[in-house]
Amino acid sequence: MTAEPFPAGFAQVQTQGFGGFAGPVMGGADAKGPLFLMDIATQHLNGADRLHGGMMMSLMSIVMGEVASATAAGKDAGAKTRALSLNCDFVSAGETGERIEGRAVITRATRSVMFISGTLSVGARVLMTATGVFAIKGSAE
Amino acid sequence: MTESDIIHPLHGRTPLPCPRDVTAPEGFEAQELHDPFEALMGPLFERVNADGSRVAAFVVDDRHVNADGGLHDGMMMTLADAFLGGAAWRGTGGKPCVTMSLQASFLGEAKAGDVVEIRTKVEKQTRSVMFVSAALTVAGEPLMSATSLWKVLGER
């Protein structure tokens, strides 16, 4: 199966360590905002030949983490974020060869925490919805 | 029915190889893995205590960390999913279960070389839903806690 090329302007995110080994996850943007793409391959599956729940949550964690850190860095270039909690609902299964679209939006950001919601989908079908709370550590801290 | 009577649906299939040879932590044995994503990140280890309780273990390496060198949230949730699923499946007496929802709190950090231990508990079971919790620790310190809901396939 030959996957469709990724749109112009998309580049791999989290290339080192787990992100690179588990993915690849491509990051970019469209008219609706930041967009992340991953093609489901055989190494991402569970024993029932569906996308592994751990991989699905990993992708959600990467999408939310990237949006959180970009948002924090937009206000304070040296700021870092880390996840305090993630709540993931498994709405439907993913199959080999499908291209997942991941999006996350900031519901509210205070000086020290961020509330984020995210969605993973394949076309019109939702795979996962999630909410997360992230801590922000400013460059002065 | 005792636990040893439960036959896993994948039993008899050749276990999947892991890309790394990792020495089992003292007292643990490598699990047979049938999920490609778990094999990619594995091996995963388990110990069955004299009282029948189980403890799982995982050795963190460079495949599992983020750019700062800390164990990635996604890998922690993958460990939780793998062993919560095992506990749900054993709790039903061997019926297939799928994750409906998983809530994770990140309580600590781990780095390459650390051994993560995973303990699971079935909190409640109905005919169609399993409620299972997990605690991940490193050297006795909390790393992550999780609660989860599993759908027992074919039951309503």
Side-chain angles (χ1 to χ4, degrees), chain A residues 13-23 25 38 40-66 68-69 80-94 96 102 120 127-135 137, chain B residues 8-11 13 15-16 19-20 32-41 60-85 89 96-107 109 111-112 144-151 153:
Chain A
V13 298
Q14 301 200 8
T15 54
Q16 292 176 282
F18 182 77
F21 199 70
V25 179
M38 193 190 88
I40 304 175
T42 52
Q43 74 269 21
H44 302 134
L45 302 180
N46 62 24
D49 293 333
R50 302 291 174 81
L51 178 65
H52 193 286
M55 180 66 238
M56 207 190 281
M57 291 189 286
S58 296
L59 177 58
M60 183 59 89
S61 143
I62 290 169
V63 170
M64 283 190 170
E66 290 296 306
S69 67
K80 295 204 164 189
T81 59
R82 74 182 174 87
L84 297 175
S85 80
L86 272 183
N87 305 311
C88 300
D89 290 341
F90 294 76
V91 180
S92 70
T96 318
L120 302 180
L127 263 57
M128 173 173 277
T129 56
T131 57
V133 180
F134 282 68
K137 196 176 173 196
Chain B
H8 193 279
L10 299 175
H11 184 84
R13 275 210 221 173
L16 298 170
R20 284 286 167 93
E32 283 193 4
L33 299 178
H34 295 279
D35 289 36
F37 189 65
E38 291 172 24
L40 180 73
M41 295 300 165
V60 181
D61 68 35
D62 57 284
R63 291 173 292 162
H64 312 127
V65 297
N66 57 36
D68 292 336
L71 178 59
H72 198 288
D73 305 339
M75 188 63 228
M76 291 189 218
M77 290 192 287
T78 297
L79 289 173
D81 191 61
F83 292 105
L84 286 165
W89 172 78
C97 299
V98 295
T99 332
M100 283 198 288
S101 186
L102 190 149
Q103 300 80 40
S105 293
F106 303 100
L107 311 171
E109 289 174 5
K111 58 186 188 312
M144 186 186 108
S145 63
T147 56
S148 65
L149 281 82
W150 296 74
K151 176 75 179 68
L153 292 182

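Protein chains get the first letters and strands the later ones, always in sequence-line order, with residue 1 at the start of each.
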Query raised in the report: Between CD of B:Gln103 and CG of A:Asp89, what distance do you get to the nearest 0.5 Å?
Result: 7.0 Å
Report task. Could you check which of B:Asp62, B:Val98, B:Asp81, B:Leu149 has the highest count of heavy-atom pairs closer than 4.5 Å to chain A? Result -> B:Asp81
Report summary line: Highest number of heavy-atom pairs under 4.5 Å with chain B among A:Gly19, A:Ala22, A:Gly132 belongs to A:Ala22
Query raised in the report: Between A:Phe18 and B:Met41, which heavy-atom pair has the shortest distance, and what is it?
Result: CE1-CE, 3.7 Å
Query - With B:Leu16 via side chain to side chain contact (heavy atoms under 4.5 Å, CB included) - residues at least two apart - result: B:Pro36, B:Ala39
Requested in this report: State, to 0.1 Å, how close B:Phe37 and A:Gly54 come at their nearest heavy-atom pair, and which atoms those are.
Outcome: CE2-C, 4.0 Å
**Report entry** pair A:Lys80-B:Asp68: side-chain heavy atoms closer than 4.5 Å
**Finding:** yes
Query - Closest non-hydrogen atom pair between A:His52 and B:Asp35, with its separation - result: CD2-OD2, 3.4 Å
**Report entry** Heavy-atom proximity to chain B below 4.5 Å, by part of A:Ala93
**Finding:** neither
Requested in this report: To the nearest 0.5 Å, tell me how far A:Met57 CE sits from B:Met75 CE.
Outcome: 10.5 Å
Query raised in the report: Checking heavy atoms, do the side chain of B:Met100, its backbone, both or neither come under 4.5 Å from chain A?
Result: backbone
**Report entry** A:Gln14 portion near chain B, given a 4.5 angstrom heavy-atom threshold
**Finding:** side chain
Requested in this report: Could you grab the distance from atom CG of B:Leu102 to atom CE of A:Met128, nearest 0.5 Å is fine?
Outcome: 8.0 Å
Query - Contact class of A:Thr42 relative to chain B, heavy atoms under 4.5 angstrom - result: backbone
Report summary line: Looking only at A:Val133, A:Val91, A:Leu84, A:Thr15, the option with the highest number of non-hydrogen pairs under 4.5 Å against chain B is A:Leu84
Report task. Evaluate the side-chain proximity of A:Ser61 to B:His72: yes if any heavy-atom separation is below 4.5 Å, no if none is. Result -> yes
Report task. Just jot down the ring-ring contact (aromatic ring centres under 6.0 Å, His included) partners of A:Phe134, sequence neighbours excluded, or say none. Result -> none
Report task. State, with a plain yes or no, whether a side-chain heavy atom of B:Glu109 is found less than 4.5 Å away from one of A:Arg82. Result -> yes
Requested in this report: To the nearest 0.5 Å, tell me how far A:Ser58 OG sits from B:Met77 CE.
Outcome: 6.0 Å
Query raised in the report: Which one of A:Gln16, A:Met55, A:Met56 has the most heavy-atom pairs closer than 4.5 Å to chain B?
Result: A:Met55
Query raised in the report: If you take all heavy atoms of B:Ser101 and A:Phe90, which pair is closest and at what distance?
Result: N-CD1, 3.9 Å
Query - Contact class of B:Asp61 relative to chain A, heavy atoms under 4.5 angstrom - result: neither
